[in-house]
Amino acid sequence: MTAQNSPVSPVTWKEDRVVLIDQNRLPQEYGVVEISRCEDMAEAIKTMIVRGAPAIGVAAAYGMYLGAREIETGDRTEFLAKLEEVGDLLRSTRPTAVNLFWAISRMLKTAEKTSGSVEQVQKTLLEMAKTIQAEDLQTCKDIGDKGLEVLPATPEKLNLLTHCNAGALATAGYGTALGVFRSAWREGRLGRVFADETRPRLQGAKLTTWECVQEGIPVTLIADNMAAHCMKLGMIHAVVVGADRIAANGDAANKIGTYSLAIVAKAHNVPFFVAAPLSTIDFELSDGSKIPIEQRDPVEMYQVGTTRICPVGVEFYNPAFDVTPAELISGIITEHGTVAPGALKQFQAKQLV
Ligand code: MRU
């Protein structure tokens, strides 16, 4: 793929199928996977061909349509019952990112509300999946611009650190944390992106740096354990990360390592922002201790590429996410503006359901 100036879209609807950028092959090669069946979409989410909370939500919405299309009945009641099963399959893929559950529930509600034939409901579901995708793209652009308003006023060119990939690849396009960086770049406020490599799957090293390089945004890769050192030397002016699920009190689950980054930022007086759409907020959970944390295959830890990096006989612990307590978060940047974590409730009525 050649360098380009606009962010990529990880999920594309093409005639009668979904085209996903295969994020497991980046940055070595750019390739796509075509998905026509709901089961294949569930597998693509599970194996992280598509990943990142809002992108999973968009992919699941199309997965619901693909599943709806496969249901062979003209009976509306039977159709809706089978659609619930499609929802169950997609829900079983990854437990932490609430956008997945939010999108499935929105698709199910759309089906229930749509009157007319099964065929009419199927058509409406495709339109709703496209709407969810279009809304997410606009939402990310709004997050980017709102984030710009709360970045430190000095220096003029900011060095901004992020963890994992909360970029175009993780959303419908543009990104949340990287959306803020893109807006800052556009306005001449970005000096450089610092990207944590993000062990064990290396989304920072592989995906965040790839996105920046595609668009000519200056980026420096650091290992996860270098952030404190860089902050002590004054090299980082703010941290912006994404989120997979934010509880009602502002505790935020994001890629493992985010919590320690927040502690390090606090210790160095570096502002620490979480950028996320309202679809990432789970108002039903009072605090972060109730957020389900995905445990992933130990192979992600013991193998780098094709090389085993530790002896046989070692045991593993591989939680994919951690929860950053609200008190470590300077502000949550949403499409409706930035608020203190404790003030999220004011947005509950604005959440699309
Ligand atoms: O396991 P992943 O790669 O899906 O985790 C992604 C993250 O943790 C992102 O930071 C989060 O989903 C926000 S994406 C805008």
Side-chain angles (χ1 to χ4, degrees), residues 7-11 20-24 26 44-60 93-103 133 136-137 139-144 147 161-182 195-208 210-211 224 239-246 252-262 272-282 288 291-297 300-301 318-324 329 332-335:
V8 290
S9 306
V11 183
L20 299 176
I21 295 178
D22 187 345
Q23 300 194 33
N24 288 328
L26 290 171
I45 295 172
K46 210 183 265 180
T47 57
M48 295 176 65
I49 286 172
V50 59
R51 34 69 51 204
I56 297 174
V58 172
T93 53
R94 296 194 72 191
T96 304
V98 78
N99 308 62
L100 175 82
F101 303 89
W102 169 86
Q133 180 170 26
D136 187 66
L137 183 59
T139 292
C140 285
K141 290 181 177 166
D142 293 344
I143 288 173
L161 172 65
T162 193
H163 191 69
C164 192
N165 172 263
L169 287 166
T171 59
Y174 205 73
T176 55
L178 272 194
V180 176
F181 297 178
R182 282 194 167 93
D196 271 357
E197 63 178 352
T198 317
R199 280 282 292 149
R201 282 187 72 100
L202 302 170
Q203 289 96 325
K206 292 180 172 182
L207 305 177
T208 296
W210 182 81
E211 283 193 31
D224 297 332
V239 178
V240 188
V241 297
D244 286 80
R245 192 185 297 227
I246 303 174
N254 190 49
K255 182 53 55 195
I256 191 77
T258 303
Y259 175 29
S260 42
L261 188 59
F272 181 94
F273 294 102
V274 172
L278 295 194
S279 55
T280 301
I281 303 168
D282 188 345
I291 298 176
I293 301 293
E294 178 180 11
Q295 300 289 326
R296 291 195 63 88
D297 193 322
E300 294 179 350
M301 299 196 56
N318 187 18
F321 302 97
D322 58 26
V323 177
T324 299
I329 300 171
I332 297 184
I333 304 167
T334 78
E335 63 271 36

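The first residue in the sequence is number 1, and the count goes up from there. Order of listing sets the numbers, starting from 1, for every ligand and every atom in it. Here the structure is a predicted model, which means the values were calculated and not measured.
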Exercise: identify the closest heavy-atom pair between [X] and [Y]:
X      : Y      : result
Ile143 : Ala276 : CD1-C, 3.5 Å
Arg51  : Arg94  : CB-NH1, 3.8 Å
Ala170 : Asn165 : CB-O, 3.4 Å
Thr162 : Val240 : OG1-O, 2.7 Å
Pro7   : Arg182 : CG-NE, 3.5 Å
Val11  : Ala55  : CG2-O, 4.2 Å

Report yes if [X] has an N/O atom closer than 3.5 Å to an N/O atom of ligand 1; otherwise report no.
X      : result
Ala53  : yes
Thr176 : no
Gly52  : yes
Asn254 : yes
Thr171 : no

**Item:** For atom 1 (O) of ligand 1, the option (of Arg51, Lys255, Arg296) bearing the nearest heavy atom
**Value:**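 Considering heavy atoms of Arg51, Lys255, Arg296, the nearest to atom 1 (O) of ligand 1 sits in Lys255.
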
Ligand-side contact atoms (ligand 1) for residue partner [X], heavy atom cut-off under 4.0 Å:
X      : answer
Ala166 : 14 (S), 15 (C)
Arg94  : 1 (O), 2 (P), 4 (O)
Asp244 : 7 (C), 8 (O), 9 (C), 11 (C), 12 (O)
Ala170 : 14 (S), 15 (C)
Met48  : 1 (O), 2 (P), 3 (O)

**Prompt:** When you look for heavy atoms under 4.0 Å from ligand 1, do you find them on the side chain of Gln203, its backbone, both, or neither?
**Reply:**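 Only the side chain of Gln203 comes within reach of ligand 1.
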
**ligand 1 versus Asn165: contacting region, heavy-atom distance under 4.0 Å** =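 Only the backbone of Asn165 comes within reach of ligand 1.
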
**Message:** Just so I know, are the side chains of Cys140 and Pro54 near enough to count as touching, which here means a heavy-atom distance under 4.5 Å?
**Reply:** no

Does at least one non-hydrogen atom of [X] fall below 4.0 angstrom from an atom of ligand 1?
X      : result
His163 : no
Ala243 : yes
Cys164 : yes

**Asked** What residue among Asp22, Ile21, Leu26 forms side-chain contact (heavy atoms from CB on, under 4.5 Å) with Asn24?
**Response** Asp22

**Message:** Check Asp224 with Arg199, please: is the shortest side-chain N to carboxylate O separation under 4.0 Å?
**Reply:**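 Salt bridge: no.
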
**Message:** Please determine whether side chain to side chain contact (heavy atoms under 4.5 Å, CB included) holds for the pair Thr208 and Phe181, giving the CA-CA distance in whole Å, both sets of side-chain angles, and the decisive distance to 0.1 Å.
**Reply:** CA-CA 11 Å; Thr208 296; Phe181 297 178; over 6 Å; no

